[in-house]
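Given the structure is predicted, the values throughout are model-derived calculations rather than measurements.
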Amino acid sequence: MHTNYYFLRQLAPALTQQLAGYRVVACFSQEKDELVLGLTNGTAEFWLKAQLSATFTALALPETFHRARANSVDLLPDLLGQQLRDVTAAPHDRVLQLRFESGATLLLKLYSSRPNAVFRHRPEGPAELFHQRYTTDADLQPVFTAAADQPAGSAATAPHPLKRYPALADLPARYLRAHGYDQATTAQQEQLVQQVLRQLENPVAFYLTTLEGRTRLSLLPLGEIERELPATDPIAALRAFVPLALSRRAHELELRQLRQTLERRAEEASTSASMAHRRLYALEHTVGYRQTADLIMAHLSQIPAGASSVEVVDFYQDNQPRTIKLKPSETPQRTAQNLYRKAKNQQLETRQLSERAERREAEAFWCLERLEELPLLPPDLKTLRAWRKQHQLEPETKAKAATELPFKVFEDSGFTILVGRNAQNNDLLTQRYAHKDDLWLHAKDVSGSHVVIRHRAGLPVPEPVVERAAQLAAWYSRRQNDSLCPVTVTPKKFVRKPKGALPGQVLVEREKVVLVVPLNPFERNGG
């Protein structure tokens with residue numbers, strides 16, 4: 001009820017008593033939906049910050065405020081120097097009016113959707129809107145009379161007692177229903193509504209309460225009450241409520257984002273491990289290259305020159321007959337030699353697949369353990385952020401700067417991965433943007449994008465991050481359609497561009513090669 005009429009009608013006279021005679025000396029914004037007013041009487045200062053966002057509309061009254069030097073813009077220049085006369089709540093509405101001695105007015109429209117601030121230098125003058133897209137708010141007129149205690153508009157004639165008072169909103173309606181409103185007769189309902197109205201107009205206290213997981217400011221004892229504040233000081237109640245509500249909203253948002261991140265990572269790791277196991281099973285249950293090469297070498301005398309196939313006795317399969325395809329353009333010995341080379345690569349692939357499956361299963365299990373820990377953490381933003389930092393789960397940062405880079409940009413476990421877009425762009429990435437300690441990746445022996453994993457001081461790049469970056473390097477290369485792709489991985493300091501080389505051409509002095517499946521592992525996340 002922090003923007004409800006019945007709270008504003010308590011707040012308005014308190015602000016008038018506090019601020020009458022104060023002058024506006026600052027009016028600015030530091031965030032998209034924030035309007036900050038600074039007032040003073042020459043000896044004391046008072047700050048008023050209107051949060052005019054549809055996600056959370058509020059009037060904050062911080063005791064002190066430090067204006068940032070950057071990202072700050074002055075607003076409503078005609079408001080500066082205006083001396084406050086009084087503060088009024090619009091009858092049965094969520095609008096607070098600041099009226100000045102000159103006749104200027106500032107209306108704070110505190111709706112949960114389409115909030116706004118409307119300034120008029122004089123009563124009949126044109127309106128200046130904070131959110132200029134809400135053009136109809138220019139029709140809002142100043143309020144010159146105190147709020148009446150009668151219901152507004154056509155609701156006064158509504159037969160249903162509760163519907164005659166739309167300004168009651170959700171909390172008083174919940175309170176009424178909790179006290180038998182729905183089961184009562186019409187006469188009893190009228191009596192209950194009038195009783196609640198008297199409580200709202202002369203509240204016993206203000207309550208900081210939790211209802212359905214949301215922190216609320218209530219004029220009625222409702223929900224899980226955390227704190228009771230004196231009804232004589234609505235300014236103190238607002239100062240207690242808004243920072244608490246904002247902190248908890250931030251905690252809920254970060255908790256939800258963290259849970260989604262862990263769930264996504266667990267799913268990706270589990271999927272990757274499952275794919276590795278399937279590939280291993282396929283390798284273990286198909287005839288290997290080495291067996292085929294051994295059979296060719298064992299039956300050389302039976303293979304005529306230029307043959308396209310040969311039928312042999314397979315001593316690996318209980319001496320069953322088997323037909324082996326050959327290339328007429330090469331000798332059986334060369335075919336066997338190529339198969340032995342492929343067998344060696346297959347052994348490497350098998351080892352890497354086993355390591356990947358084990359690593360990705362461990363990562364999935366780690367994420368599930370962290371998910372089990374989350375509900376046990378105290379509901380405190382500082383604790384959550386410390387826990388996130390401890391487990392290197394910091395949220396992605398510098399997103400705006402990343403989007404301005406001339407490369408494809410991906411974020412993975414706190415590491416930034418940059419991918420070149422073409423040959424000239426590869427040169428820009430490797431020669432201008434990459435640091436010597438960054439990891440550099442490229443699909444081996446074919447043209448493709450340069451890929452760079454940005455170095456983070458004191459933190460080695462985790463193997464899953466290297467693997468996904470290697471998959472990107474394979475995907476953005478001529479080997480995109482191959483089943484497996486070898487990818488060069490090396491610190492940027494071992495990559496140099498020879499004099500006279502074409503755009504994108506480099507020499508690698510030291511490298512490690514990994515085999516990966518070409519794909520973009522970030523596709524499902526919009527990468």
Side-chain angles (χ1 to χ4, degrees), residues 1-3 29-36 47-68 70-72 110 112 115 171 206-218 222-229 235-266 366-402 411-416 456 458-459 525:
M1 295 185 69
H2 60 288
T3 60
S29 179
Q30 296 184 151
E31 298 178 9
K32 179 182 177 183
D33 299 311
E34 170 192 89
L35 176 65
V36 182
W47 293 96
L48 185 152
K49 183 171 76 169
Q51 302 273 142
L52 302 174
S53 165
T55 57
F56 184 71
T57 305
L59 192 65
L61 305 175
E63 296 190 53
T64 59
F65 195 93
H66 300 287
R67 183 176 181 179
N71 300 322
S72 179
L110 302 174
S112 57
L171 289 186
F206 299 121
Y207 304 95
L208 294 183
T209 182
T210 302
L211 189 63
E212 295 181 353
R214 291 178 57 196
T215 301
R216 309 289 295 272
L217 176 62
S218 175
L222 189 68
E224 185 180 338
I225 297 173
E226 299 183 35
R227 188 174 172 190
E228 187 173 319
L229 300 164
I235 293 176
L238 207 55
R239 282 175 171 166
F241 165 72
V242 173
L244 179 63
L246 287 173
S247 173
R248 289 185 176 175
R249 283 177 62 86
H251 174 267
E252 291 166 6
L253 176 62
E254 291 195 20
L255 182 65
R256 184 168 61 253
Q257 290 173 341
L258 186 54
R259 184 178 290 110
Q260 290 172 349
T261 297
L262 287 168
E263 288 173 349
R264 173 179 57 82
R265 283 182 55 179
W366 183 88
C367 290
L368 293 174
E369 285 185 323
R370 302 292 80 75
L371 282 168
E372 290 178 356
E373 289 178 16
L374 274 180
L376 305 178
L377 294 175
D380 173 70
L381 186 60
K382 185 176 181 180
T383 302
L384 180 65
R385 288 177 174 173
W387 184 88
R388 183 197 289 262
K389 185 176 182 180
Q390 174 190 349
H391 294 292
Q392 298 180 14
L393 290 166
E394 294 92 345
E396 297 173 4
T397 57
K398 303 181 180 178
K400 182 178 178 182
E411 294 289 335
D412 190 359
S413 305
F415 287 84
T416 301
R456 294 179 64 189
L459 294 177
N525 303 318

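Atom CG of L381 and atom CG of L246 lie 11.0 Å apart (nearest 0.5 Å). Distance CG/D380 to CZ/R385: 10.0 Å, rounded to 0.5 Å. In this structure, F241 CZ and L59 CG are separated by 11.5 Å, a value rounded to the nearest 0.5 Å. Going from atom OG1 of T3 over to atom CZ of F56 covers 9.0 Å, rounded to the nearest 0.5 Å. Between the CZ atom in R216 and the CG atom in L244 there is a gap of 13.5 Å [rounded to 0.5 Å]. From R456, atom CZ reaches atom CD of Q392 across 7.0 Å, with rounding to the nearest 0.5 Å.
Smallest separation of non-hydrogen atoms from T209 and S218: CG2-CB, 4.1 Å. The two residues A237 and F206 come nearest to each other via the heavy atoms CB-CD1, 3.7 Å. The heavy-atom pair separating E63 from W47 by the smallest distance is O-CD1, 4.1 Å. The minimum heavy-atom distance between A266 and C367, with the atom names listed, is CB-CB, 3.7 Å. In terms of heavy-atom proximity, L171 sits nearest to L217 at CD1-O, 3.9 Å. For the pair R67 and S72, the tightest heavy-atom approach, listed with the atom from each and the gap, is NE-OG, 2.6 Å.
Side chain of S29 to main chain of E34: a donor-acceptor pair is present (N/O by atom type, distance under 3.5 Å, no hydrogens or angles). A donor-acceptor contact shorter than 3.5 Å links the side chain of H2 to the backbone of T57. With hydrogens and angles disregarded, no donor-acceptor distance shorter than 3.5 Å links the side chain of R370 to the backbone of L393. Checked by atom type and distance alone, the side chain of T261 pairs as donor or acceptor with a backbone atom of Q257 at under 3.5 Å. Put simply, the side chain of S53 never gets that close to the backbone of D33: no donor and acceptor are under 3.5 Å apart. In this structure, R388 contributes its side chain and E254 its backbone to a donor-acceptor pair below 3.5 Å.
Side chain to side chain, E411 and T416 meet the donor-acceptor criterion of an N or O pair below 3.5 Å.
Heavy atoms of other residues, nucleotides or ligands lying less than 6.0 angstrom from CD of E224 number 12 at most. Annotation: R227, atom CZ; neighbour count of heavy atoms from other residues, nucleotides and ligands within 6.0 Å does not exceed 12. Within 6.0 Å of the CZ atom in R214, the count of heavy atoms belonging to other residues, nucleotides or ligands does not exceed 12.
In this structure, W366 and H391 have perpendicular ring planes: the angle between them is above 60°, well past the 30° mark.
Inter-residue side-chain proximity for L262 and L374 is flagged as met; some heavy-atom pair is nearer than 4.5 Å. Put simply, the side chain of L208 does not reach to within 4.5 Å of the side chain of T215, judged on heavy atoms.
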> Can K49 and V36 be said to form a side chain to side chain contact (heavy atoms under 4.5 Å, CB included), step by step?
Replying inline: CA-CA 4 Å; K49 183 171 76 169; V36 182; 3.8 Å; yes
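A salt bridge does not link E252 with R249: none of the charged nitrogens is closer than 4.0 Å to a carboxylate oxygen.
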